[in-house]
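Chain A is the first sequence line, chain B the second, and so forth, proteins listed ahead of strands; every chain is numbered from 1.
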Number of protein chains: 2
Amino acid sequence: MDIKRTIDDIDHKILQILQEKSRIPNAEVARQVGMAPSAVLERIRKLEDRQIIQGYEVRLNPHPFNQGLMAFVLVTVQSASRADLATLLTQVTGVQDVHQVAGEDGYLLKLRVADNAELGRVLADEICSLAGVLQTKTNIVLNTIKETRKLDLNRYSS
Amino acid sequence: MDIKRTIDDIDHKILQILQEKSRIPNAEVARQVGMAPSAVLERIRKLEDRQIIQGYEVRLNPHPFNQGLMAFVLVTVQSASRADLATLLTQVTGVQDVHQVAGEDGYLLKLRVADNAELGRVLADEICSLAGVLQTKTNIVLNTIKETRKLDLNRYSS
DNA sequence: TATGAAAGACTCTCTTA
DNA sequence: TAAGAGAGTCTTTCATA
């Protein structure tokens, strides 16, 4: 175990509640964990300070915003590429994720665009045109069965 | 434009605020958009009813929960596979995403596990062992440069 | 749809344990 | 760390426009 304090059962329960629905009054969380609201507030603040809670997001439907098509693009780059290539990739239209992956000097992007036409345009004009990009392999998503940020909290080890 | 009402500038602004930090008092949103809190509440409810807002999530640090290693696994399956294979894949340890992808009868999984040892175990025991799975190709994430759910809201077309 | 009023609920700080 | 008290704020419904 490390220097930071541990995550106890109450923290655990608080996080579980926030994983289900984060936009919920503090007092309601307090009720569910059976504690005073002030104590729960204090705990949530500490979880934020300790960066165990990293933020609160809204999950929006991408369709009304013309981003109904999702694709994963594996970008292979020259090993001597400029160090800021990753940063340039984060700025590509529709990019939600940029991960450096092991293996063939590459990055894996997750992006949301309107349709195949736009995907083609983005690949050609915004990705392949970057200096150092050797090739791309694209997986187009037909159907998303599961997509969540939830973690299994029962794997915490003190 | 479709049957549903449009997303106007005020909705737009509300969504933008919630994309930045969703756990924020309604009254604060109202202040930022310059409207009465009751009107903003009404709008947020309608956005939820219309499924434009699909939920509110907390973003947790995966490290304290022993899920610091992320990997993408492309699973190729027999074309005659049982229809519920996708559902079985959603239940694999550490799986956060399951997407059906075009091309080679496959699924793309995003998973978070403790380390390489666990990844190996999950691949062997929980994925390859499923009936209908032909092969897997794994991309291990070394470093995540960007990971967000935010959409570019300026692409809405009425 | 928006506002404003009003009752009740919630937040958040501070004190005490 | 937790509880409780209290001042101030927020939520939510309803009447009205």
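Place R23(B) and I10(B) on DNA chain C by their nearest nucleotides, and I10(B) ends up nearer the 5' end.
For R43(A), no side-chain nitrogen or oxygen approaches OP1 or OP2 of dA3(D) to under 4.0 Å. Distances shown here put every side-chain N or O of R31(A) at or beyond 4.0 Å from the OP1 or OP2 atom of dA9(C).
At a threshold of 4.0 angstrom between heavy atoms, the contacts of A39(B) include nucleobase atoms, whether or not backbone atoms are also involved.
With rounding to whole Å, I7(B) atom CD1 is found 12 Å from dT1(C) atom P. Atom-to-atom, CD of E42(B) to P of dT13(D) comes out at 10 Å; the value is rounded to the nearest Å. D9(A) has its CG atom 12 Å from the P atom of dA2(D), to the nearest Å. dA2(C) atom C1' lies 13 Å from atom CG of D11(B), rounded to whole Å. dG4(C) atom P lies 11 Å from atom CE of M35(B), rounded to whole Å. When the P atom of dT11(C) is taken as reference, atom CD1 of I24(B) falls 14 Å away, rounded to whole Å. Rounding to whole angstrom units, CD of residue E48(B) and C1' of dT12(D) are separated by 14 Å. Computed from coordinates, the N26(B) CG to dG8(C) P distance equals 21 Å when rounded to whole Å.
Counted by atom type alone, Y56(B) and E48(B) present one or more donor-acceptor pairs between their side chains at under 3.5 Å. Defined by atom type and a distance below 3.5 Å, a donor-acceptor pair is missing between the side-chain atoms of Q16(A) and E20(A). Between the side chains of Q96(B) and T148(A), not a single donor N or O lies within less than 3.5 Å of an accepting N or O.
Ranking dT11(C), dT13(D), dT3(C) by closeness to the A36(B) side chain, first place goes to dT3(C). Here the nucleotide nearest the side chain of A27(B), chosen from dT11(D), dC10(C), dG4(D), is dT11(D). Minimum atom distance to the side chain of S38(B) is reached by dT13(D), of the listed dT13(D), dT1(D), dT11(D).
Contact record, D152(A) with Q67(B): O-NE2, 3.0 Å, taken as the closest heavy-atom pair. Of all the heavy atoms in T136(B) and V75(B), the pair that sits closest is CG2-CG2, 4.3 Å.
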